[in-house]
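Just follow the structure's listing: the first ligand is 1, and inside any ligand the first atom is 1.
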Amino acid sequence: MSQRIVNEEEENGNLGRKKKEKRQEEQLLYQADLLEHVSDAVISTDSEFRIKSWNRAAEQLYGWQADEVIGAYLPDLVPMTYVDQEIEEIIADFKKEGNWSGEVKQKERSGAYVYVYASVTMLRDQAGRDIGAIAVNRDISDRKRTEEQLRESEERFSKAFFSHPTAMEIIDLESWERLEVNASFCSLFGYTREEMEASNVCATKLWRGETEAQKRAYRQIQEKGYIQNFPADLYHKSGKSISVLINAAKLELGKGNLIMVSFVDITERKQVQERLERAQRELTELNNRFQVSTQAAKVGIWDWDVDSDTLIWDDTMFAIYGVSKDDFSGKSGFWQNTIHPEDLQPTLDAMVDALKGIESFDVEFRIIRPDHSVHYIKAKGMIQRYDTGRARRVIGTNWDITKEKEAERQKIRARQLELKNKELEQFAYAASHDLQEPLHTVEGFITLLRKHYQPQTDDKSNEYLELISESITRMNKLIRGLLDYSRIGAQEEMTSVACNKLVKHITKDLSAQITETNAVITFKKLPQVKGYETELRVLFQNLISNAIKFHRNNEPPKVSITAEAVGEYWQFCITDNGIGIAPQHQQRIFAIFQRLHPQHKYPGTGIGLSHCQKIVELHGGKIWVESRPKKGSQFYFTIPQ
Ligand code: ADP
């Protein structure tokens, strides 16, 4: 019984052990299965680090199959380097603590590296002896690689940032703290990195206080996250002003609110730009001044491109040639067509010579304007040439010298006239002087004849003698008149002559004639003029006495003397209500000895008006008459004011 019991007990004991073993085995299988399915590599070794187990995750991680590695020495199979710690430190920790965990870099079967987070635990028996180790390794390659890439990219970024030729800074937008500056930034503004980094952007001396520009820049960065080519004037440490263009953009580094700001030094560019603008302004001003002065001087500018035969005229040219821009062809032929036929060939020859470089282009020619008026032109041109010497372009001037030419001609005419006048005066003087002698002789003999032969002479002879006597008197008058004429202008000094007073005196002198004819003379407010008083007296006297003398029968003369300012002259007018002058005679009455009537009707010498003309011309004025027969005459003359 007891045997059975024992046996039973044994049997029970056996049964229990078997059950237990089975349970253990099942548990091991379960654990092994579990190990097979965990995602971490689980490797167990003996105390000599020879591999005892190698799960599926280990196979996948290292590329070795379990049956290939069991018994292999683990450090040789997957050589490793420790990432954060020194090996001695790790061994010391491991030995002391019995476990270690940390990052390692291991070489897998193909030779590639894997990053692993390893947790290694020492297995010890009850006596504390090392019996093996178990490592649970998690593949962290992906994370590591991402980290590495990030680190590399940051490294690249910082390398690029620090060595970039553009001045740059990185700013924390929250605090406006300057986090980084690069070398170019330091050299641009003259500060060291230490001086600049961790400084506040707002407090920095770069900006010299918060300017309007800076405020605008801040606002835009905050609102839009960037600024582009923002112009600002900043300061170098030395105080020198630096003109920059600022660009800023937010940095997407995941490290808070950062912006990177770059500064492009445009000081020199700005100076060059300013110089250029100044030069441009000066050039424009110069051009304006040039245009104003050429227009004021009425100098036309022309520009002719020889090869393309393109002719350009400025506004003054059109005014000089009297043509409209619409009619202008822009070709040299247009200009040639305006030239007076007589001057065309010499002008073209001069141009050809100038193009050849024989002569400079400096000519005078006449043009015929579309209104048929002829104008004198002075033209000059400067030739621009190719390197070969061939003429490329001609730029020149034109100005209208018609007035000068006219003045020149008048001067010559006046000179000729003056000479002729002088000759005439000398002749008149000599003739009248010499004529007086024989006349006196004749006069003397007539007197003798009368005295000695009066009793014997009959009426007829007396009449003849009387006629001879009258002729001698008349001849005397003529000769005196001629002498007076030749003496006009002999007075040296011009004085201020009050014409009102002068005319008043003349009317007194003419009172006999005035009373005899019942003439009415009116005048008022006659001006003061500069002139030769004696001559002016003769002038007024001749005109007034003619106005009285040539009155119509039974019509008392009415004479008025007026004056008005016309341009630079005083224009006088002596108006009468007399017999008038037919148009065909109005010119010739001013010539010497020209009369329109016989002596017995209107006595006179025919010298009076020629005196008047000579006197007016002596004063630089003109004399003319407007008249209608039987209506009256207006004798006009001008005297410079
Ligand atoms: P004179 O008066 O001695 O004849 P003038 O030279 O003064 O010589 O005048 C020339 C001519 O001009 C006069 O003979 C006369 O025919 C004409 N004439 C001059 N003044 C007048 C006048 N106021 N009205 C009409 N005819 C005039």
Query raised in the report: Is it the case that more than 12 heavy atoms not belonging to Gln280 sit under 6.0 Å from its CD atom?
Result: no
Requested in this report: Provide the closest heavy-atom pair for Ser627 versus Gly580 in the form atom of the first, atom of the second, distance.
Outcome: OG-CA, 3.3 Å
Query raised in the report: Should we say atom CZ of Arg369 is surrounded by more than 12 heavy atoms from elsewhere, each under 6.0 Å from it?
Result: yes
Requested in this report: Quick one, list the residues around ligand 1 where some non-hydrogen atom comes in under 4.0 Å, by chain and residue number.
Outcome: Asn546, Ala547, Lys549, Phe550, Asp576, Ile579, Gly580, Ile581, Ile589, Gln594, Arg595, Leu596, His597, Gly604, Thr605, Gly606, Ile607, Gly608, Leu609, Ser633, Phe635
Report task. Scan Tyr321, Trp302, Trp335 and name whichever one has a ring pair (Phe, Tyr, Trp, His ring centres under 6.0 Å) with Trp313. Result -> Tyr321
Requested in this report: Would you list the pairs meeting side chain to side chain donor-acceptor pair (under 3.5 Å) in which at least one residue belongs to residues 559-587, sequence neighbours left out?
Outcome: His585-Arg588
**Report entry** His619 ring center near Phe637 ring center (under 6.0 Å)
**Finding:** no
